[in-house]
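Atoms considered below: every heavy atom in the structure, side chains included; atoms not considered: hydrogens, waters and symmetry mates.
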Number of protein chains: 2
Amino acid sequence: MVKRVRGSRTGRPIMVLLDLLGRRWVLRIVWELREEPRRFRELQDLIGASPTIVNGRLAELREAKLVELDADSGYRLTALGKELLRLFLPLHAWSEKWAKAT
Amino acid sequence: MVKRVRGSRTGRPIMVLLDLLGRRWVLRIVWELREEPRRFRELQDLIGASPTIVNGRLAELREAKLVELDADSGYRLTALGKELLRLFLPLHAWSEKWAKAT
DNA sequence: GGCGGGCGCTACAGAAAATGTAGTAACGGA
DNA sequence: TCCGTTACTACATTTTCTGTAGCGCCCGCC
């Protein structure tokens with residue numbers, strides 16, 4: 001099975017990353033894993049997407065080494081994933097400001 | 001025409017924001033506007049998406065007050081959009097690190 | 001005056017992706 | 001043996017995206 005990089009032919013890391021994060025539910029999944037590991041169904045219920053898509057996105061995130069499955073606790077962010085999340089945390093505060101401005 | 005908030009029923013700003021940014025091409029468009037305003041066709045060529053979708057996403061970004069159209073220079077980030085971009089800039093450096101790790 | 005080129009944007013048919021529902025297979029405990 | 005829980009898959013329907021063509025507008029040019 002051949003993998004294609006959507007959205008960019010360059011393969012530049014920033015483009016690959018923007019493309020990955022720009023897929024539906026991906027940001028949301030990372031966000032929901034910010035505090036504690038989640039089980040597959042738990043995650044699915046939290047975000048309200050179909051299992052097909054949750055499974056697909058988790059597979060992509062695992063391949064990107066941002067998420068891993070721990071048999072005991074469930075899906076969780078890897079060290080790399082936590083780093084990425086840290087970059088996103090300011091979004092939370094900013095979104096409140098943005099909501100007021102719109 | 002009724003607007004529905006995809007991906008979340010709560011309407012919490014962070015969810016609305018994650019949903020907006022999680023739409024295909026949205027992050028990419030914001031990224032391509034990081035340095036200078038871009039014309040519609042220019043933007044379209046840069047990211048390689050169909051005009052239908054570029055137009056749709058630009059409409060959403062304009063409604064979210066992150067992007068505006070200046071008749072003289074083209075599409076550009078608003079003050080709010082620039083703030084958001086600033087939060088995303090560390091992604092660039094991080095993506096390089098991430099690319100090495102995967 | 002009317003032609004060409006650039007502008008934002010739209011129409012539409014076909015292709016791809018997401019949804020919603022059901023179900024599989026594996027394990028562990030009562 | 002049956003029940004519950006786990007991750008995950010199948011598949012028909014619906015939604016979204018793509019690719020291509022073209023519209024209407026304005027401006028400069030001859």
Side-chain angles (χ1 to χ4, degrees), chain A residues 1-9 15-16 18-33 36-64 66-78 81, chain B residues 1-9 15-16 18-33 36-64 66-78 81:
Chain A
M1 167 193 169
V2 176
K3 266 300 187 41
R4 77 191 177 93
V5 176
R6 287 185 346 168
S8 170
R9 288 78 181 153
M15 293 306 172
V16 178
L18 288 179
D19 186 55
L20 173 64
L21 299 180
R23 300 178 94 114
R24 199 164 178 179
W25 302 119
V26 165
L27 282 174
R28 180 68 188 275
I29 288 174
V30 171
W31 183 256
E32 294 297 351
L33 293 178
E36 49 186 337
R38 300 287 189 182
R39 290 287 169 191
F40 186 92
R41 281 185 166 72
E42 188 181 6
L43 204 45
Q44 194 194 322
D45 291 345
L46 276 171
I47 71 179
S50 68
T52 315
I53 235 58
V54 172
N55 189 42
R57 292 303 183 260
L58 283 172
E60 290 164 8
L61 283 166
R62 287 160 90 178
E63 195 176 352
L66 298 176
V67 164
E68 64 192 356
L69 175 56
D70 175 64
D72 293 333
S73 60
Y75 285 98
R76 65 184 177 197
L77 296 176
T78 61
Chain B
M1 166 193 169
V2 176
K3 265 299 188 42
R4 77 191 176 92
V5 176
R6 287 186 344 168
S8 169
R9 289 82 180 149
M15 293 306 171
V16 179
L18 287 178
D19 187 54
L20 173 65
L21 299 181
R23 299 178 93 112
R24 197 166 180 177
W25 301 121
V26 166
L27 281 173
R28 180 67 187 276
I29 288 175
V30 172
W31 183 255
E32 294 298 349
L33 293 177
E36 48 186 340
R38 301 287 191 181
R39 290 287 170 191
F40 186 92
R41 281 184 165 76
E42 188 182 5
L43 206 45
Q44 195 194 319
D45 290 345
L46 276 171
I47 72 178
S50 69
T52 315
I53 236 59
V54 172
N55 188 43
R57 293 303 183 259
L58 283 172
E60 290 165 6
L61 283 167
R62 288 209 263 179
E63 195 177 350
L66 298 176
V67 163
E68 63 193 355
L69 174 55
D70 175 64
D72 293 332
S73 59
Y75 285 98
R76 66 183 177 197
L77 296 177
T78 62

Next on the checklist: Whole angstroms only, please: what is the CG-P distance between D45(B) and dG8(C)?
Outcome noted: 11 Å

Next on the checklist: If the cut-off is 4.0 Å, is R57(B) near the phosphate of dC17(D), judged by side-chain N/O to OP1 or OP2?
Outcome noted: yes

Next on the checklist: Using a 4.0 Å heavy-atom cut-off, does R62(A) contact any base of the nucleic acid, only the sugar-phosphate backbone, or nothing at all?
Outcome noted: sugar-phosphate

Checklist entry - Atom CZ of R39(B) and atom P of dG6(C): how far apart are they, to the nearest Å? => result 13 Å

Checklist entry - Does OP1 or OP2 of dT18(D) have a side-chain N or O of W25(B) closer than 4.0 Å? => result yes

Checklist entry - Hey, which of these two, I53(A) or P51(B), hits DNA chain C nearer its 5' end, going by closest nucleotide? => result P51(B)

Next on the checklist: Does a side-chain N or O of R41(B) approach OP1 or OP2 of dG6(C) to a distance below 4.0 Å, or not?
Outcome noted: no

Checklist entry - dA18(C) P sits how many Å from E60(A) CD, rounded? => result 8 Å

Next on the checklist: Under 4.0 Å from OP1 or OP2 of dT18(D): is there any side-chain N or O of R24(B) that close?
Outcome noted: yes

Item to check | Salt-bridge present (E60(A), R62(A); N to O < 4.0 Å) | outcome: no

Item to check | Euclidean distance, atom CZ of residue R23(A) to atom C1' of dA16(C) [Å, nearest integer] | outcome: 11 Å

Checklist entry - Between dT5(D) atom P and E42(A) atom CD, what is the distance in whole Å? => result 13 Å

Checklist entry - When the distance from CG of N55(B) to C1' of dT16(D) is rounded to whole Å, what number comes out? => result 15 Å

